[in-house]
Every structure is written in structure tokens, then in C-alpha cells.
Amino acid sequence: MRRNIKLLVIAGSTASGKSELAAKTARILDGEIVSADSVQVYRHFNIGSAKPQRILRDAVPHHLIDIMEPDQPFTMWDFRVAAQKAISEITSRGKLPVLVGGTGLYLKALLENLDGGAASNPHTRALLKSELEAGGLTNLYERLRGIDPVRAQEIHPNDRQRIIRALENAQSPQLSKKADHFTFSQYDAKFFVLGGPRKPLYERIDARVEEMFENGWIDETRAIVDMGYEKKCKPFHCVGYRQIMLYLEGELPKEELVPRVQRETRRYAKRQITWFAKVKGAVWLNSLSAGEDDMNNLADHICGYFK
RNA sequence: GGAGAGGUUCCCGAGUGGUCAAAGGGAACAGACUGUAAAUCUGUCGGCUUAUGCCUUCGGAGGUUCAAAUCCUCCCCUCUCCA
């Protein structure tokens with residue numbers, strides 16, 4: 001099998017400067033960007049997901065942004081399929097695919113060809129959720145132990161989300177197994193992680209969150225609600241939108257909103273960093289020194305790997 | 001000036017003689033991660049070359065006791081009410 005599709009991956013935590021740097025390098029290398037971001041796929045969630053600015057998007061083609069409505073489910077599997085498609089289109093044009101994003105699982109699903117098990121089934125999931133409410137988590141966990149003790153071993157008894165998924169998977173008929181899963185990656189990816197010292201990163205996050213609120217994040221959220229989307233829609237549950245929803249419902253005082261979102265964003269960044277720290281062969285670059293010249297240098301540095 | 005209430009480990013807050021390095025929550029730090037992943041979950045959280053061990057800690061200084069965050073004395077500070 002071919003393993004020759006070259007890929008540039010630029011990962012990193014929120015506010016690490018991925019989008020900007022990716023656009024720069026993509027322009028130099030004649031590439032197109034494929035976003036690996038679980039929230040940017042959703043339309044209308046613009047400010048809070050820090051979608052790349054218009055200027056960047058006009059300068060370089062971006063894929064997998066604004067492809068879903070807020071009430072549509074989108075999973076790591078959907079990402080893998082969509083990204084593979086986008087990548088093959090890009091390469092067929094003779095361009096370099098530049099994966100950019102902070103969603104570690106998505107990147108992994110694509111790069112390592114995770115097979116993911118049975119397709120998620122809204123019906124069984126709903127059933128399991130009602131069972132959870134009726135019988136408690138422990139019962140579900142015990143059941144999982146009976147059906148798939150190996151998987152149960154890997155999951156913590158408190159992890160309701162994974163327990164439900166594991167049961168959903170275990171209870172599904174085998175036919176749902178994907179036939180086309182690869183045993184090795186078809187991609188030859190060069191993986192970069194943007195970041196830097198924790199302190200400046202956190203300062204940057206705090207400042208950016210504040211800026212987002214100044215840019216009308218609350219109004220944007222309210223507008224999406226007014227469009228008729230229910231709060232159970234997935235993107236409403238991510239960092240920031242979630243807290244804004246609480247505020248709009250009167251559950252969170254206004255003066256606590258911004259600090260709260262800043263804190264959650266910092267935590268999110270930490271989780272991302274923890275995730276990327278495990279990626280083998282990744283090259284870490286300090287992107288926090290901020291200056292325009294520094295960014296250009298970084299871009300040149302990255303491009304050096306593709307000559 | 002008088003009457004009450006209170007000062008506990010980074011914060012909030014339990015604890016009124018031993019089972020207390022001290023519940024619980026928060027914050028912080030670290031980690032996990034195969035179809036919700038910006039999600040979900042876990043661990044650590046006074047110090048010590050890591051121990052059924054030692055040392056330091058519950059406003060301060062003394063005292064009682066085999067033993068005190070817990071009892072007594074004095075002092076300092078905070079809050080509420082009355083003047």
C-alpha cells in the first residue's frame with residue numbers, strides 16, 4: 001500500500017497561534033488547510049471557536065470549517081472520513097495538505113486509522129442514558145464487565161460517557177464494524193506542536209478570551225439560540241459557549257462569566273498539551289514570542305522540512 | 001464603652017481532649033483518552049533521600065494533661081448588635 005501522501009500537521013493548544021502560522025506556511029508551500037477542530041466544523045460558532053480570520057481564509061483554502069449545522073452530530077469518525085476526502089482532493093490538485101487543529105483525537109483517528117468500533121447509534125444511546133438515570137452508573141458498568149471485561153478494565157467506573165459508548169459498541173451487531181480499516185497509516189505526516197512556557201500561554205489565553213467577549217461572543221451565542229437551536233446541541237457544550245449559556249439562563253452571574261471562561265480555557269489548553277506530549281516524533285516549537293518576525297522564522301523553519 | 005460571634009492547612013469551610021496532617025468543596029498541579037473529545041474521567045495536593053517513620057501546622061504567648069485545633073489564662077485581630 002502507498003504510504004506516500006505527505007502531510008504537514010500543525011497542532012497546538014488554543015491561542016498558540018496555529019491558524020496564523022499554518023496559513024503562512026501553507027502559502028509558502030502551496031498548500032491547503034484542513035482544520036482538525038471539533039467546534040470549527042459548526043456554522044455560526046465563530047467567535048468562540050476562534051475560526052481563522054477572513055484574510056487568512058481568503059489567502060489560503062480552508063477545509064472542514066462551517067460544514068455542519070449546530071444540531072448535527074459530528075464525530076471523530078466523520079472527521080476521519082471528511083479529512084481523508086479533503087486530503088485526497090488537495091493532493092490531486094498537486095497541493096500540500098496542511099492539517100491544523102487542537103483536537104487530538106481527530107488527528108489521531110486520521111493519522112493512525114483508528115477503526116473506532118461500531119457506529120454510534122442514537123437509539124441505543126438514548127436507551128442507555130435512560131437506564132443510567134433509572135439504575136445508576138454502577139449497574140451499567142457491571143453490565144459492561146459482563147459483556148466486555150477487557151474494555152471495562154480500561155475504563156474508570158465513574159466515566160459514564162465511555163461506559164455508555166462501550167456498551168453501545170458491545171451491544172451492536174458485528175456488522176457495524178467498518179470493513180475498510182487500515183492496519184497502518186497511508187500518510188507520511190510531519191507533526192509540529194506549537195506552544196511555549198505556560199505563563200505567557202495563559203496570559204495570552206486570558207487576553208484573547210476577553211477580546212472575544214468584546215467582539216460580541218454573548219450576542220453571537222444568543223443569536224444561535226434565537227435561530228431555534230436547543231441547548232442540547234453539541235457545540236453549546238464546549239468551553240465558553242457552555243458558560244455563556246449558563247449566564248443567559250441566569251445560572252452564572254455576569255461578573256463571574258469572563259474569569260470562568262478564562263479558567264476553563266486554560267484547563268482545556270492543559271489537556272491539549274497533555275495529549276500532544278504523547279505524540280511520537282512531534283517537533284515542538286515555541287510560538288509565543290509573538291513578533292511578526294518570529295512567526296515568519298517559524299514558518300521558514302517548518303518549510304525547511306518540505307524541501 | 002457594653003453584649004455577642006469568630007480567627008483552621010492557597011481560598012471557603014467542618015472539626016470541641018486521643019482514631020487529626022486535620023472531613024467536604026474550590027483553586028492549583030499532574031495524568032488518561034478508539035464514533036460526544038472545547039467532551040468525559042482519574043490522581044496529587046504541609047515538609048522530609050518516601051516511611052505500620054520523623055518534623056512543622058489550626059491568630060500569638062503561656063498553662064493544664066500521658067495526650068490539645070479542641071480545656072484554662074492573658075494578649076492581638078475581624079464581624080454583628082447596643083451605646
Side-chain angles (χ1 to χ4, degrees), chain A residues 11-16 18 35-42 45 47-51 68 70-83 101-122 124-126 128-129 132 137 141 148 150-151 153-172 176-178 181-183 198-199 202 205 208-209 212 217 221 232-245 256 259-279:
Chain A
S13 68
T14 9
S16 62
K18 303 185 289 292
S35 164
D37 187 296
S38 64
V39 182
Q40 290 182 4
V41 294
Y42 288 104
F45 288 75
I47 298 173
S49 71
K51 278 181 196 159
M68 292 285 140
D71 56 353
Q72 297 177 305
F74 188 81
T75 68
M76 73 166 218
W77 182 262
D78 298 313
F79 170 78
R80 194 189 133 177
V81 171
T103 305
L105 181 65
Y106 283 8
L107 256 11
K108 182 176 181 180
L110 177 77
L111 266 18
E112 297 180 21
N113 287 307
L114 297 185
D115 94 20
S120 106
N121 180 327
T124 43
R125 185 168 293 186
L128 286 163
K129 272 187 180 154
L132 170 63
L137 225 204
Y141 186 68
D148 187 348
V150 178
R151 183 62 181 138
Q153 194 65 243
E154 298 166 345
I155 299 175
H156 188 97
N158 288 347
D159 199 339
R160 54 208 139 88
Q161 200 165 137
R162 288 198 175 83
I163 291 171
I164 286 179
R165 158 95 272 248
L167 279 171
E168 174 185 68
N169 191 213
Q171 293 175 343
S172 298
S176 50
K177 275 276 178 193
K178 295 288 172 183
H181 82 269
F182 305 83
T183 48
R198 204 58 62 84
K199 199 161 162 210
Y202 284 0
I205 285 173
R208 192 169 77 155
V209 166
M212 287 166 150
W217 196 355
T221 309
K232 67 176 185 198
C233 291
K234 198 180 69 165
F236 278 135
H237 290 91
C238 72
V239 168
Y241 289 101
R242 187 186 209 152
Q243 285 72 229
I244 292 173
M245 289 300 271
E256 278 177 36
R260 184 84 164 267
V261 172
Q262 289 172 322
R263 197 179 66 210
E264 291 306 325
T265 308
R266 277 182 248 126
R267 287 173 162 167
Y268 168 49
K270 166 60 175 69
R271 269 176 271 137
Q272 291 177 299
I273 291 167
T274 300
W275 180 284
F276 293 128
K278 286 188 313 187
V279 176

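Order of the sequence lines sets the chain letters (A, B, ...), proteins ahead of strands, with each chain counted from 1. All values below come from the heavy atoms of this structure, side chains included, with hydrogens, waters and symmetry mates left out.
- Atom CD in Gln72(A) sits roughly 16 Å away from atom P in U36(B) (whole-Å rounding).
- Both distances falling under 3.5 Å, in either a Watson-Crick or a G-U wobble arrangement, place U80(B) opposite A3(B).
- Under the side-chain hydrogen bond (donor to acceptor under 3.5 Å, both in side chains) criterion, Arg160(A) pairs with no residue at all, not counting sequence neighbours.
- A donor atom on one side chain and an acceptor atom on the other are not found under 3.5 Å apart for Tyr268(A) and Glu264(A).
- In this model, the phosphate group of G31(B) is approached by a side-chain N or O of Lys270(A) to a distance below 4.0 Å at OP1 or OP2.
- Under the 4.5 Å side-chain criterion, counting only non-hydrogen atoms from C-beta, Lys234(A) is in contact with Tyr42(A).
- Note that the NZ atom of Lys270(A) and the OG1 atom of Thr265(A) stand 15.5 Å from one another [nearest 0.5 Å].
- Base-pair partner of A22(B): not found among the strands shown (Watson-Crick or G-U wobble, both distances under 3.5 Å).
- Nucleotides U44(B) and G24(B) are separated by 11 Å at their P atoms, to the nearest Å.
- Between A69(B) and G1(B), the two C1' atoms lie 33 Å apart (nearest whole Å).
- Rounded to a whole Å, the CG atom of Leu128(A) is 14 Å from the P atom of G35(B).
- Atom name P, nucleotides A37(B) and C11(B): the rounded distance is 38 Å, in whole Å.
- In this structure the side chain of Met76(A) never reaches within 4.5 angstrom of the side chain of Leu110(A), judged on heavy atoms.
- When both pairing distances are held under 3.5 Å, U73(B) makes a Watson-Crick or G-U pair with A61(B).
- Scanning for side-chain hydrogen bond (donor to acceptor under 3.5 Å, both in side chains) contacts around Glu154(A) gives Arg151(A), with sequence neighbours left out.
- Not counting sequence neighbours, the partners of Glu168(A) by the side-chain hydrogen bond (donor to acceptor under 3.5 Å, both in side chains) test are Arg125(A), Arg165(A).
- Across all strands, Lys108(A) comes closer than 4.0 Å to no nucleic acid atom at all (heavy-atom distances).
- Atom CZ of Arg198(A) is separated from atom P of C29(B) by 7 Å (rounded to the nearest Å).
- Across the C1' atoms, C33(B) and G43(B) are found 15 Å apart, a figure rounded to whole Å.
- Pair assignment for U49(B): none, as no Watson-Crick or G-U wobble contacts are both less than 3.5 Å.
- Separation of atoms OG (Ser35(A)) and NZ (Lys51(A)) is listed at 9.5 Å; rounding is to 0.5 Å.
- Here the P atom of nucleotide U36(B) and the CG atom of Asp71(A) are 17 Å apart, to the nearest Å.
- Searching all strands for a Watson-Crick or G-U wobble partner of U40(B) with both distances below 3.5 Å returns A32(B).
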- Query: Going 5' to 3' along nucleotides 37-42 of chain B, which nucleotides have protein heavy atoms under 4.0 Å from the base (write B), which only from the sugar-phosphate (write S), and which from neither (write -)?
  - Reply: BBBBSS

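- The gap from the C1' atom of G15(B) to that of C20(B) amounts to 9 Å, rounded to the nearest Å.
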N/O to N/O distances under 3.5 Å, protein versus nucleotides 10-13 of chain B:
none

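- For the residue pair Thr75(A) and Asp78(A), a side-chain donor N or O sits within less than 3.5 Å of a side-chain acceptor on the partner.
- Annotation: the span from Tyr106(A) atom OH to Leu111(A) atom CG amounts to 15.0 Å, rounded to 0.5 Å.
- A distance of 7.5 Å separates OH in Tyr141(A) from CD1 in Ile155(A), rounded to the nearest 0.5 Å.
- The P atoms of A68(B) and U56(B) are separated by 13 Å, rounded to the nearest whole Å.
- Across the interface with RNA chain B, nearest-nucleotide mapping of Asp78(A) and Tyr202(A) shows Tyr202(A) to be the residue nearer the 5′ end.
- Rounding to the nearest 0.5 angstrom, the gap separating the CZ atom in Phe79(A) from the CG atom in Asp37(A) is 9.5 Å.
- Comparing the C1' positions of G63(B) and A14(B) gives a spacing of 28 Å, expressed to the nearest Å.
- Here Ile244(A) contributes atom CD1 and Arg260(A) contributes atom CZ; the two are 12.5 Å apart, rounded to the nearest 0.5 Å.
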Would you list the protein and nucleotides 24-27 of chain B atom pairs, both N or O, that sit under 3.5 Å from each other?
from	atom 1	to	atom 2	distance (Å)
A27(B)	OP1	Arg263(A)	NH2	3.1
A27(B)	OP1	Arg267(A)	NH1	3.4
A27(B)	OP1	Arg267(A)	NH2	2.9
A27(B)	OP2	Arg267(A)	NH2	3.2
A27(B)	O5'	Arg267(A)	NH2	3.3

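- Between U9(B) and A61(B), the two P atoms lie 15 Å apart (nearest whole Å).
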